[in-house]
Amino acid sequence: MLLDHLMTAPIVMPALIAPVTLLLMRRHRGVALALSLGGCMAMLVASIALFVMAQDDAIRSYALGDWPAPFGIVLMLDRLAATMLVLSAVLGSVVLAHAVVTGADRRGWHFHPLFHFQLMGLNGAFLTGDLFNLFVFFEVLLIASYGLMLHGQGALRLKAGVAYVVVNIVGSALFLIALGLLYGLTATLNMADLAVKVARLGPADQGLLRIAGLLLLTVFALKAAVVPIHLWLPRTYAATMPVVAALFAIMTKVGIYAMIRTVPLIFGAQAGAAAWVPAPWLLPAASLGAAIGFVGVLVARGMREQAAFAVLASTGTLLMPVSLWREATLAAALYYMVQAVLAGAALFLVADVTIRRRGQYADAVVPSPRFAGQDAAGLLYLIAAVAAVGLPPLAGFVGKLLILDASFAVPGWPVIWAAILASTWVGVIGFSRSGSTLFWKAAPPEADAIAGSIRSRAEFIAPAILLALLAILTVAAGWMTAQTRAAAAQIMAPNRYVTAILGAR
């Protein structure tokens, strides 16, 4: 019985910790920090426990208030949700520790409450079995992200924040319209119940169903920054404090998670005219996204901007195998998604360390005089770049190799192969150019000396942990691919999900 209630822990714990840290931060900062960091670690332990539970290949449901689905709120746990919970907890713990070590959390009083509300929204999106509650958790994480994005203030950050808020308000409005259409057609928003009722709709309702599906997938594409609705991401992530942008590295993947969760289940082969509704446009958009992302890496003028474009490129690369909607390609995509989140976050943390040590040169891709810890920062940048671009021997290479292998001989495979290989080549040039300029080239004689203080070596720990996890992911590639294949098998068997949530009914 206690293990059943454990499913609520990733949502309940940050929801309780956030207001308590808000009350304690001004007068009892040490206690608040201990509670905040301890809460992240407890959430990590709970997520690992849920991941272990999911190893029996069962799909579990939890009815809040003991109201049976589809009448009440239901949480669900399968292999995919458990994997995303662990990823969210690992990333949250590492990033929060880095924020405390560097003092980035001191730039505003509300960093820790907002951080935990962000984690609450992420975990709720991964666990919910209801589309309306997916909307609610999207709003929770977005409202928290508005505050985190503006953390530290600054005119440039405020300008980018306004655009970010406007874009997401439009996305929320479209989400509500899509939910209204689906509810009007089916009288339910429970995902499992939608899967049953969508399959029973008559020909007269197919047009509205297709419109609702396209609107819903447009919202998810907006959250994931899929081309051509991606322009908000580089500006927002480049203007945000690097430690916050490192947490945001998982936010675009929430949109992709929502696609993977809803399309095979609700808009799969059984959905009539709305079957596989995003299929015609998703592959071209994903290919363009990978290309634009790595071209952005090539022309970026700062490390944060480069990391933002690397996140955009990883989204495009990830969506290419997803767009085929096959079990093998989904498995490859899930492996790549885990490493892409870690690599993107590592790039932002390396940028943060470099900015703090380069003084007035900040993260600009220009030669500068030597700074304290330059060799260590350069090594971390090299490893993070190798992971992000997908070169051997790290997990990015394994992920791209899995994608190429799984997509071979599938319709559309030449597009995927060409986009991945060409964009990788451009990415290699981009990271090589920036890395050599930042950490190798000598500054011109007339360059100003670094005006900054010596920083703690503890700043290097968080990015080193993320890169170590990428190395572990590479060594454990066999075990991890077995996990992603099992998760993909669950995703592509929607009847199992429906039975787990609704039972015999």
Side-chain angles (χ1 to χ4, degrees), residues 98 102 156 234-235 237-243 245-246 249 291-314 343-394 396-397 422-464 466-467 470-471:
H98 183 79
T102 60
L156 181 62
R235 172 185 289 185
Y237 283 29
T240 306
M241 287 185 68
V243 69
I292 291 172
F294 279 120
V295 169
V297 167
L298 177 63
V299 301
R301 293 171 294 179
M303 294 179 71
R304 287 174 295 176
E305 184 182 10
Q306 187 176 62
F309 276 110
V311 170
L312 182 64
S314 71
L347 281 173
F348 280 112
L349 293 188
V350 173
D352 184 56
V353 171
T354 306
I355 290 169
R356 294 169 60 79
R357 291 166 177 267
R358 288 183 88 209
Q360 69 273 27
Y361 292 92
D363 68 338
V365 183
V366 295
S368 69
R370 286 191 63 82
F371 55 91
Q374 178 169 321
D375 294 338
L379 178 61
L380 291 176
Y381 178 85
L382 172 63
I383 299 172
V386 166
V389 81
L391 293 179
L394 291 182
F397 173 74
S423 62
T424 299
W425 177 68
V426 174
V428 169
I429 297 174
F431 279 114
S432 299
R433 179 188 68 87
S434 299
S436 61
T437 301
L438 288 162
F439 303 106
W440 186 18
K441 287 184 179 179
E446 65 274 12
D448 296 331
I450 295 291
S453 59
I454 301 299
R455 302 290 180 172
S456 169
R457 293 181 180 179
E459 297 172 353
F460 292 104
I461 295 176
L466 293 180
L467 296 175
L470 284 169

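In this text, all values refer to a predicted model and were calculated from it rather than measured experimentally. Any value given below was found using the heavy atoms of this structure, including those in side chains, with hydrogens, waters and symmetry copies removed.
- Remark: F397 engages P392, L401 in a side chain to side chain contact (heavy atoms under 4.5 Å, CB included) (not counting sequence neighbours).
- Q306 has its side chain out of reach of D363: every pair of non-hydrogen atoms, C-beta onward, lies at least 4.5 Å apart.
- The shortest non-hydrogen separation linking T240 to A245 is CG2-N, 3.9 Å.
- With hydrogens and angles ignored, the 3.5 Å screen pairs no side-chain donor or acceptor of R357 with any backbone N or O of A377.
- Looking only at side-chain heavy atoms (C-beta outward), I355 and M241 stay at 4.5 Å or farther from each other.
- Taking 4.5 Å as the limit, some side-chain heavy atom of Q374 sits within range of a side-chain heavy atom of F439.
- Legend: residues meeting side chain to side chain contact (heavy atoms under 4.5 Å, CB included) with T437, ordered by chain and number and at least two apart, are V365, P367, K441.
- Of all heavy-atom pairs spanning A471 and L394, the tightest one is CA-CD2, 4.2 Å.
- Under the ring pair (Phe, Tyr, Trp, His ring centres under 6.0 Å) criterion, no residue pair touches residues 293-313, with sequence neighbours excluded.
- Contact record, R370 with D375: NH2-OD1, 3.2 Å, taken as the closest heavy-atom pair.
- Looking at residues two or more places apart in sequence or on another chain, you find a side chain to side chain contact (heavy atoms under 4.5 Å, CB included) between I429 and L298, W425.
- In this view, I461 and A458, I465 satisfy the side chain to side chain contact (heavy atoms under 4.5 Å, CB included) rule, not counting sequence neighbours.
- In this structure the side chain of F371 reaches within 4.5 angstrom of the side chain of T354, judged on heavy atoms.
- Using a 4.5 Å heavy-atom threshold, the side chains of F460 and L380 count as touching.
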Can you list, pair by pair, the side-chain donor-acceptor contacts under 3.5 Å of residues 344-352, counting residues two or more places apart and other chains?
| residue | atom | partner | partner atom | Å |
| --- | --- | --- | --- | --- |
| D352 | OD2 | H98 | NE2 | 2.8 |

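- Heavy-atom neighbours of R433 CZ from other residues, nucleotides or ligands within 6.0 Å: above the threshold of 12.
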